[in-house]
Every structure is written in C-alpha cells, then in structure tokens.
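So that the names make sense, note that chain A is the first sequence line, chain B the second, and so on, each numbered from 1.
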Number of protein chains: 2
Amino acid sequence: MDRHQTEKDDETSAPGRPTLKTLAFMTGLGVTTVSRALKDAPEIGAETRRRVQLVARQIGYRPNRAGVRLRTGKTNVISLVLNTEREIMSFVSDIIYGVSEVIADTPYHLIVTPYSRSQDPLDPIRYLVETGSADGVIISRAQPNDSRARYMLERGIPFATHGRTDMGLVHPYHDFDNYAFAAEAVRHLAGIGRRRLALLAPPVGLTYHGHTVNGFTDALSEVGASEVPFNTVSIDHSIEQIRMRTAQVMRRQDRPDGFVSSAAAATLAIVAGIEDAGLKLGRDVDVVSKQSSELLHLFRRELLVVNENFRLAGSELARSVLGWIGGAEPGSLQSLSLPGEVVAYHRPD
Amino acid sequence: MDRHQTEKDDETSAPGRPTLKTLAFMTGLGVTTVSRALKDAPEIGAETRRRVQLVARQIGYRPNRAGVRLRTGKTNVISLVLNTEREIMSFVSDIIYGVSEVIADTPYHLIVTPYSRSQDPLDPIRYLVETGSADGVIISRAQPNDSRARYMLERGIPFATHGRTDMGLVHPYHDFDNYAFAAEAVRHLAGIGRRRLALLAPPVGLTYHGHTVNGFTDALSEVGASEVPFNTVSIDHSIEQIRMRTAQVMRRQDRPDGFVSSAAAATLAIVAGIEDAGLKLGRDVDVVSKQSSELLHLFRRELLVVNENFRLAGSELARSVLGWIGGAEPGSLQSLSLPGEVVAYHRPD
DNA sequence: GTGACAAGCTGTAACGTTTCAGTATATTGC
DNA sequence: GCAATATACTGAAACGTTACAGCTTGTCAC
C-alpha cells in the first residue's frame, strides 16, 4: 500500500454486468469473501453467506465464464462430436435435446463439434483436448477398438460414448441393446412364418454392427430360420444403393421373406426396393425396422417397428459425462437401453 | 523492478500448452511484441513477424480462448437458439451442419441454446445477451413482430433470423420464399386439374405463415381455383391431429382434391388421413409438399414435392452473422432462397 | 495474564490476453 | 552536430476469478 493505488474505479459509474467486485463493494466485504460466500465455503459466517447470496440474487450476479475458465481451467462446456455426413438425422436432433434437458439446470453449455468424412475422426477430439475446450465430450459411432476413446482415456478427459467399445477399457457409455433388437426381430418374423431373413446392418466397423449381426444370427439358429446374405450394403449407404440392392435380391428365386433393418430411412429404401421388384410388403415379405420417431407406420402400415429413443440416449450420455466430471466411477456410468416389443400397426379409431 | 519478481517461472519446466509467454521466451522477444506479430500489426518488423509466426506454427500455438475473452469480451461463439419441441427434425440437423461448414475455418464455436415450450422465447436470448455468451446469435421461427429481434437490435448484438420479420427494422435474415412455394404449388395442382385446394400452413404467428397463406390465396384467384378451409391445424400439430382432421375433411362431399403442405412430416399425416377416408392419392386428390430430404417420393410416389435446403439456410445464416460481426451492413446480409420446381416422381432406372 | 487456537475475514498473485504508455535506437532535416 | 521523428520493441495494467498466505478478534485453557 505504498504508491499508486488509484482507489480502483468508482463502482457506481459503469452499470456493466455485476462482478465480484461489485458485490464486494455493495456488501462492504472483500472480493475473496464474496467469492467464497457464493460457493458456501465453510469459513464464511452463516449470516454473511446469506447476505451475500441475497444481494447476488437481487442484482442478478452471474459469474464471468472467461474469468472462471482462465483461472481454473474449467470450461463448463460439454462437446458433442458429430459426423457431418453419416449421422442419422433424427439422432442429431434428439440427442441434442436430450443432452440439453440434462444440462439445462447446470452451468454447462453444449457445443457441437462436427467433423466430416474426409477427416480423421480423432481430429476434433485432439482439438478439444489440446485446446482444453471442453470439460467433457460425447462421441457417437463407437468402434470396438476406438482410438478416440483410447485417446481421451489416456489424457484423462471425461467422455461418454454412444455405443460400446471392446478394448478391455472401462468408460461411460450408453447403448441400445441391438443384439436384443435383432434377435427379437428375427423371432417375431419367425413367429409369423418367415424363414429366409436378410439383415440390413449398421456399417461394419461400428461396435453395434457386431451386436446386431450376432443377435440376428443367434436368433436365426434358435428359431431354425436361414439367412439371405445382404451385407454388401449397410444403413450408411445411400437410399438409392440400398433400394437397388434390395430390388436385386428380391428378384432372385431364393429371395428373403423377411428383413431386419437397423434404421428407419434405410427401411424406406428397402420397401421401395421390394416394390420395385413387384412384391408386396406384408404378403411376400415382412420387414422389422428400428425407428426413432413414429413415422414408419404411416409410411406402410404393414411395417413392424421397434422404437429407439435417441432423446433418452442424449440424456443418459449427458448424465454420464457430468457424473464423471463430478468424480463418479466411470464404470458406474454405463447404461444399456432394452428394446421394446416389435410393434405392428394398430388402426387408430 | 524493486522487490519480489521471482524471475517468473522457468519456461522449460511445465510442458503445458504454449502461451504468448512461451513464444516470447523462445523468440527472445517481449510478450507484447509476440502478440502483435501474430496479428500482423504494422509496427512489427517484417522479419520478426515471420520469425514469430514460424515458431508459433511449429510449436502449435493456439490463443487461449479464456484469455482473449476475458480481455476483449470477444467470445468467438455463435449461438443457435432452438425450440426443443417444435423444431423440425431435419431442420435441426441440417442447419447445424450448414452453420458448421461456414465456421469450420474460423475460430468460432457453435453452441446450441435450447428453450422449451413453457419458456418465453426471449429467455434464452436475454441470457445470452446478459451474460455476453456469444458474439452472434441465430434464431429460427421468426415472427412478424419479433421481440427477440427487437431486443437484440436494441442491445446491438449481431444476429440473423431464419425467416423474415415485419417490424420495419432491418436485420440479416435468410428465408425460403414460401410465397412462391405456395403459389407454385397451387399452379401445379391447377395444372393437373385440381380445383378445390386445402392448405396445411405453418403455425399462425410465424412470419412465413402469412407468406404461405398469401401465396396460396393469390395463386388460387389467379388460376380460379377455390379454397377448402383447413386452418384448424398447422404443421406444428401432432401427426395424429393432422391425420384426423384430414380424414374428416376428406369425408365431406365438398372435400378438397388438392393439398399444399408446408412440411414433410405433416404430409405423411395428410396422406394417412386421405387413406383413412378411403381415398387414393393421385386419383382422388394430389398433394404438393415441401420436404428437406428426399424421402417423400419413397413414401408415396404420387406425392409432388418442392425441396427446401436447410443446410444452405444454415450456411447463409452463419455467413450473415459473421458478416455482421465483421462490420458489414445488416441490410446487405439478407437472402431469400427461391423454391425449385414442383417435382413429380421419376422412376429410377 | 498469557498462549493457543478457531472463526471470519482480507490482500495479493496468477491464469493468458490486449492495450496503453512508454523506451531505445536509427534516420532524417537543416 | 543536434533536434525531431520514425521504427521496433517493451513493461505494466487490466479483464474476473480463485488459491494462498495472511491478519484480526474473540474464546478458552491453564
């Protein structure tokens, strides 16, 4: 307290957003005390604490994110990393809303970090980690051996994956039980007399491709049905490709009499292909499809559907990441969503 | 340079992310010089500038966002404000990717700020502005008298709206020409002999409701067709509501023989309603619908569609906001996207 | 009465950046 | 030869926050 010390600013002049200094001035306390009072530190008197919090609420104090971030490194940001080309449309929308629901009452913001086909999927993750841009990350399209998960695990940054990995490493995830889905679909088709089944699977490389294929084949042998190979296309292929391939296979004499489809948009293509071949859904062939919004029954009432709730997935993923950030055990933040029944169309009255 | 001055840190110890100080140490320059050299300030020698930039690139220097934000108030964030319940699904996905494309080579991050039915739409905007959380904002569902736009205009925060307003205030926007869409749809229907047309419009209250209705009615009188009132539902209503209402109207003797629908999902409901009434698309009635992804033709090949590109909208909106932030005239950042032709189904070969 | 200790509060420094007000050296005008 | 000026650089301060190391004051043990 020797020289300068311009008596700081006069607090009353600029009416800009209130800071700790403003609060300190108003309460007559020190900035440090105010800071601690706001976070319920134990060494602050109970009355002081209440007084500070009251004033803070009154004048609408909001901590400056940049200040906190600079000082502590905490960003209060969750990043959702998405593939710009391959992501299912309703997935993007629903998962964002699911995440939003959960972080709504937290100080967290959601930033969307996209990457495109051409890029290494690790790129956006590296960016996030290197620049410390997020406290937690959500990734989709998990792979059995997922370099992104491995990378983040090494750097110790909290994340959650949509879909499981298979590297013997434990981390939070949320997944839909695609094994159960495929198996249930096969059983249902077998139950209505279908015996030669084709599977439109998720792209090879993603973990749930394996789950789906296993559920499919296991159930096939369980019910004694046979598989019609259909693995030259996946749900990542274009509508046109799937449609043409379906039409092709449906024109063969040993054509399938049942399909299991892992995505709604792809199902539209399958149906188109079936009809291109001059066959009729529900008579010549049945299709069980996953869907994430209730639209397939409008499309063709003969379709059989199983619902997957992406909004729920978003919420679960957000909860997992926040849990990990909050210090919970990664292993306790894993969840699996069971498919509901295969549902056939019921005429609304 | 009297007391303390602990010779700062030894720069070589912690290998954390490089900062200006790191660069200053490596180049032997002052922090200020480095800062200026990196932003091509004129008072820095050409060689020094190149040297600093070289080193910065080599060691992968990235400015610390919190530091910049704290000092300058610049967040390098664009916020996309979305309604959690009412937003069209493909809209969310496409617009995000559209925005992402544009901001990919900029320092900007995209944060998604959702709000729900129950909230005042102004809430999220107020939050963003009050906390200074974004340099620019994108909002959708513009209204003729839009309190959000007015609010942001008053505070001077750059934004762009998806859809136009009608308050005599100028601000950036991107819009699809829904007047032209509806008019074109009517003309097309009239061209194939349809005379009693119904419009499934956007929700009242949004600006493009008016545009659509005007285009519809203007073209009706132009071609001498008549309107079958259908304004008890809008595209914001549930599939079931639209479906029932459609079935109702289709069972009347003066039923429409043509529909114009402003959204793809709603079109599914209209078709379902038509079929509920025992009528056949393409024979008893034709439907022209907007769509944002190429799916309606798979649904019913008789459907007539007009494409609206939401990804483009996202890109345009992002460009507008960035332009405004960059100092361009708001009035020069407005764009209108013209609808393509009404397209009927063409059998892929 | 003194020492120890706890309770409650405070100032300073630091996070990384940019801005402001310089300083040192070279160049020019005359 | 010297002032004026331009060039190229620099340190200190500030943005808002939290961590650290204090500082008072009061209470209690003995």
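- The distance from atom NZ of B:K74 to atom P of C:dT18 is 11 Å, rounded to the nearest whole Å.
- Residue B:G30 is classed as a sugar-phosphate contact, given heavy-atom separations below 4.0 Å to backbone atoms only.
- Residue contacts shown for B:T72 are limited to sugar-phosphate atoms, with no base heavy atom under 4.0 Å away.
- A donor-acceptor pair is defined here as one N or O able to donate and one able to accept, closer than 3.5 Å; no such pair exists between the side chain of B:D135 and the backbone of B:K74.
- Atom CD of A:E154 has more than 12 heavy atoms from other residues, nucleotides or ligands within 6.0 Å.
- Electrostatic pairing of B:E47 and B:R50 does not count as a salt bridge here, judged by no charged N lying under 4.0 Å from a carboxylate O.
- Note on A:G28: only backbone sugar-phosphate atoms sit closer than 4.0 angstrom, heavy atoms only; bases stay farther off.
- Nucleic acid contact class of A:T19 (heavy atoms, under 4.0 Å, all strands): sugar-phosphate only.
- If you measure from atom CG of B:L70 to atom P of C:dT17, you get 12 Å, rounded to the nearest angstrom.
- Note: B:Y115 OH to B:T84 OG1 = 8.0 Å, rounded to the nearest 0.5 Å.
- Using a 30° and 60° split on the angle between ring planes, A:H162 and A:H174 fall in the parallel class, below 30°.
- The line from CG of A:N83 to CD1 of A:I139 is 12.0 Å long, rounded to the nearest 0.5 Å.
- Residue A:L23 contributes atom CG, which lies 16 Å from atom C1' of C:dT10 at whole-angstrom precision.
- A:R36 comes within contact range of at least one nucleobase, with a heavy-atom separation under 4.0 Å.
- Side chain A:T32 to base D:dT18: no donor-acceptor pair is found below 3.5 Å.
- At whole-Å resolution of the value, CG in B:L38 and C1' in C:dT17 are 11 Å apart.
- Here the P atom of nucleotide C:dG16 and the CZ atom of B:R65 are 16 Å apart, to the nearest Å.
- OP1 and OP2 of C:dG16 both lie 4.0 Å or more from every side-chain N or O belonging to B:K21.
- The B:I44 side chain lies nearest to D:dC9 when the options are D:dC9, D:dG16, D:dA14.
- In this structure, B:N64 atom CG and D:dT17 atom P are separated by 16 Å, rounded to whole Å.
- For C:dT18, the OP1/OP2 oxygens have a side-chain nitrogen or oxygen of B:S35 closer than 4.0 Å.
- Within the helix from C:dG1-D:dC30 to C:dC30-D:dG1, the inter-axis angle between the opening and closing five-pair segments is 50°, rounded to 10°.
- Within the model, atoms CG of A:L82 and CD1 of A:I96 stand 6.0 Å from one another, a figure rounded to the nearest 0.5 Å.
- Protein atom CZ of A:R69 is 20 Å distant from nucleotide atom P of D:dC15, rounded to whole Å.
- Nucleotide C:dT17 holds its P atom 13 Å from the CZ atom of B:R62, rounded to whole Å.
- Minimum atom distance to the side chain of B:T33 is reached by D:dT10, of the listed D:dT10, C:dT18, C:dT10.
- The side chain of B:R71 approaches C:dT18 more closely than any other nucleotide in the set C:dT18, D:dT10, C:dC9.
- The nucleotide whose nearest atom lies closest to any side-chain atom of A:V31 is, among D:dT17, C:dG16, D:dA19, D:dT17.
- Exactly one residue among A:L29, A:V31, A:I59, A:T33 makes a side chain to side chain contact (heavy atoms under 4.5 Å, CB included) with A:L23. That residue is A:I59.
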